[in-house]
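Let me begin by presenting the structure, written as structure tokens, before commenting on it.
Note that ligands are numbered from 1 as they come in the structure, with each ligand's atoms numbered from 1 the same way.
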Amino acid sequence: MINYKDLIIYQIYPLSFFDSNDDGIGDLEGIISKVSYIRNLGANAIWLSPIYESPLEDNGYDISDYKKINPIFGDMETFKKLLKVFHDSGIKVIMDLVVNHTSKEHFWFQEALKGKDNKYHDYYIWKDKQPNWKSLFGGKAFEYVKELDEYYLHLFAKGQPDLNWENENVRAEIKSVLKFYLDMGVDGFRCDVINLISKTHGIPNGKPRFAVRGLEHYLNCPRIHEYLTELREDVINNYDAFLIGEGVFISPEQSIDFAKRKEVEMFFEFDHTNADCHLVKWFPKKFKLKNLKKELNKWQYALKDDGWNTLYFNNHDQPRSVERYGNLYFRESSAKFLATYLFCLKGTPFIYQGEEIGMTNAHFPELSQYEDIETKNVYKTAKKFMSYKHFMKIAMKVSRDNARTPMQWSNEKNAGFSNVKPWFRINRNYKEINVRTDLKKANSIYRYYERLTYLKKTSDVLKYGDYTDLVPKSNKEVKYLRKYKNEEILVVGNFRTKCSVINTLGYTNILLSNCENKADTFKPFEIRVYYKEG
Ligand code: ISL
Ligand code: CA
């Protein structure tokens, strides 16, 4: 049985990971060639962002054929090879499952457009009159189709029509997709925006003055449990597999509810990503450590006995944490600090490609340099009330493209990602920040992660211990306890940019630390993990 509580999951964004065949785009052979890199880091699972056939309007989160691999990444044989190679190395493979919507190029949608009596028309959500819902990518959530004189729902981009889960044929199709990959040996799925798949029957208008209009009609709506239970009982539970949900605006109580019903083992929550913004990242506020702690603590305490946490700072949608929360002047120590803080909490940790070498935001100054559909769409709305200059100032910090630049493998041309011009710009700092440099250096961020992943995997107290934050209000220090049976761990860190004396409560045995230092005075961004027995 897979114990998902034992996993350390490395997220791969295939477009930007490694190009094996000189077309400037990352691919499956590229991922295969890096298996030892991932194994040596200590990850025992990978999550692949979507690799299915797709027009890539939303970089693969718009699927046009669930049972085909996008030829730019490889083919089904190469995917089977990838599965074997990773499994042979003791690494589980988790795929991304995007079933709230498809691409508009999907055969089902193309058929749906042919007429109201086409079998596939009801696979999507249509209305004669346009409800007032807003898209999560900016603008309206409904798009008019002249030939049908109807509007279809797209919670994301226009090219991502929402599937109608009320239609049992849709559910049967999705189950067949799950079965297809589970039969091949896939170990689980990260389920994209899974708490949005059920909509209020009839698609009524949303509350008029609500910021995200329509939200109350698709967020955790009643049939969600019925749908997920059906997937579990008819398919997933026949395999040794598990689900990670992406839970838009999900609360700890809801996450526990899903876990107790044995529908989704764990969720990506979003609360802690609001430590530097007002609800959505486009309205930034100054980052404060105590705001981050407040949200992480809320989840740590609430899921003490039931449910299970995911631990993440980075993914393909989030700007790079080393500069979002850390400090670029202390890039190495603050990257290690954040990793330690995160990994020693209770839950399954995630590493997003490049995080293990402290990759930073891209800061592209012009909108024309961006690829991300969300960034471009949001600008269309934002320009009505802010200047281009102001928008770009925000985008440089928060755009999803900050996380999507090609992986920096070496200081060679194109950062060693590809021999030809890559599909997307490389971060200018690749000569200094890259894997080769980190592998050569004994105390690099990568080398620190090797120790951290080992510690997490081999320590029961880090996996299962109770958690207590000793300084929840502090913006300057991290200090928390983990306790399990007769073992204790104390994590203590100095979040200041200057040295500081910190009381380590009599603990003396340091298991891991990002500085060679035992003194009472902590260096800037120094963090230590202490251990005590009995
Ligand atoms: O990225 C976000 C904010 O910048 C989120 O609102 C994001 O759109 C939301 O978390 C859903 O994300 C997932 O589904 C999207 C896709 O674009 C994201 O990449 C994916 O992680 C639609 O499929
Ligand atoms: Ca390629």
Side-chain angles (χ1 to χ4, degrees), residues 11 13-33 47-52 54 56-63 69-75 78 96-103 134-138 154-163 190-197 212 215 218-219 244-250 267-271 273-274 277 279-284 312 314-319 350 352 370-378 394-395 397-404 406-407 414 417-424:
Q11 184 194 349
Y13 198 63
L15 283 172
S16 293
F17 193 58
F18 186 64
D19 175 22
S20 74
N21 63 346
D22 296 347
D23 63 358
I25 304 170
D27 47 59
L28 299 185
E29 284 291 356
I31 297 171
I32 294 170
S33 71
W47 149 29
L48 297 173
S49 275
I51 56 171
Y52 318 91
S54 159
L56 300 181
E57 210 185 312
D58 187 18
N59 290 2
Y61 285 88
D62 48 327
I63 298 169
I69 302 296
N70 190 329
I72 61 168
F73 294 134
D75 56 18
T78 323
D96 217 308
L97 187 75
V98 191
V99 290
N100 174 69
H101 45 269
T102 68
S103 159
K134 288 274 192 274
S135 156
L136 292 165
F137 276 175
H154 63 90
L155 290 181
F156 294 90
K158 280 181 200 158
Q160 294 168 300
D162 281 50
L163 281 166
R190 173 269 186 191
C191 309
D192 195 67
V193 296
I194 198 68
N195 61 333
L196 306 189
I197 59 174
V212 198
L215 191 73
Y218 59 82
L219 196 63
I244 308 162
E246 189 195 27
V248 179
F249 299 121
I250 198 164
F267 271 95
F268 288 121
E269 48 82 22
F270 284 84
D271 291 339
T273 68
N274 292 333
C277 62
L279 203 59
V280 283
K281 64 184 186 183
W282 298 101
F283 302 103
Y312 78 99
N314 292 278
N315 64 35
H316 63 293
D317 292 336
Q318 302 292 333
F350 288 75
Y352 175 65
Y370 287 73
E371 294 283 341
D372 173 27
I373 188 164
E374 186 208 28
T375 308
K376 292 180 188 165
N377 275 3
V378 169
I394 302 176
K397 279 200 177 145
V398 308
S399 167
R400 309 196 295 183
D401 274 345
N402 283 306
R404 298 176 176 185
M407 180 73 181
N414 303 320
F417 162 76
S418 174
N419 289 319
V420 301
K421 190 169 176 262
W423 73 278
F424 191 31

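- For the 3.5 Å distance criterion, the side chains of Gln11 and Ser49 qualify, holding a donor opposite an acceptor.
- Closest protein heavy atom to atom 2 (C) of ligand 1: Glu374 OE2, 3.9 Å.
- Interface atoms of ligand 1 facing His316, defined by a heavy-atom separation under 4.0 Å, are 18 (C), 19 (O), 20 (C), 21 (O).
- Donor-acceptor pairing under 3.5 Å is lacking for the side chains of Asn402 and Ser399.
- The N, O or S atom of Asp27 with the smallest distance to the Ca ion (ligand 2) is OD2.
- Note that atom 6 (O) of ligand 1 has no protein non-hydrogen atoms nearby, at separations under 4.0 angstrom.
- Here Ile25 reaches the Ca ion (ligand 2): one of its N/O/S atoms is less than 3.0 Å from the metal.
- For a distance bound of 3.0 Å, the N, O or S atoms of Asp19 include one lying that close to the Ca ion (ligand 2).
- Residues Leu196 and Leu136 are in side-chain contact: their nearest non-hydrogen atoms beyond the backbone lie under 4.5 Å apart.
- Ligand 1 places these atoms under 4.0 Å from at least one heavy atom of Val193: 11 (C), 14 (O).
- Taking a cutoff of 4.0 Å between a charged side-chain nitrogen and a carboxylate oxygen, Glu246 and Arg190 qualify as a salt bridge.
- Which parts of ligand 1 touch Phe137 is read off a 4.0 Å heavy-atom cut-off, strictly below it: atoms 8 (O), 17 (O).
- Note: Tyr312 and Phe268 meet the aromatic proximity criterion, with ring centroids under 6.0 Å apart.
- Of all atoms in ligand 1, listed by their number and element, those nearer than 4.0 Å to a heavy atom of Phe270 are 10 (O).
- Not less than 6.0 angstrom separates the ring centroid of Phe73 from the ring centroid of Tyr52.
- Contact annotation: Asp22 places no N, O or S atom under 3.0 Å from the Ca ion (ligand 2).
- Among all protein heavy atoms, the one lying closest to atom 10 (O) of ligand 1 is Glu246 OE2, 2.9 Å.
- Between the side chains of Asn100 and Asp162, a donor-acceptor pair is found at a separation under 3.5 Å.
- Residue side and main chain included, Ser20 places no N/O/S atom under 3.0 Å of the Ca ion (ligand 2).
- Residue Asp23 approaches the Ca ion (ligand 2) most closely through its N/O/S atom OD1.
- The nearest heavy-atom contact from the protein to atom 13 (C) of ligand 1 is Asp192 OD1, 2.8 Å.
- When heavy-atom distances to ligand 1 are checked against a 4.0 Å cut-off, Arg190 comes that close only through its side chain, counted from C-beta outward.
- Residue Arg400 approaches ligand 1 through these ligand atoms, each under 4.0 Å from one of its heavy atoms: 1 (O), 4 (O), 8 (O), 16 (C), 17 (O), 18 (C), 19 (O).
- Ligand 1 lies nowhere less than 4.0 angstrom from a heavy atom belonging to Trp282.
- With a heavy-atom cut-off of 4.0 Å, Arg404 touches ligand 1 through its side chain alone.
- From the protein, the heavy atom lying nearest to atom 17 (O) of ligand 1 is Asp58 OD2, 2.5 Å.
- Looking at Trp423, its side chain does come within 3.5 Å of a backbone N or O of Leu15 through a donor-acceptor pair.
- Within a 6.0 Å sphere centred on NZ of Lys376, other residues, nucleotides and ligands contribute more than 12 heavy atoms.
- Atoms of ligand 1 found under 4.0 Å from any heavy atom of His101, numbered from 1 in the order shown, are 22 (C), 23 (O).
- Among protein heavy atoms, atom 4 (O) of ligand 1 sits closest to Lys281 NZ, 2.5 Å.
- Scanning the protein for heavy atoms near atom 21 (O) of ligand 1, the closest one is Asp317 OD2, 2.5 Å.
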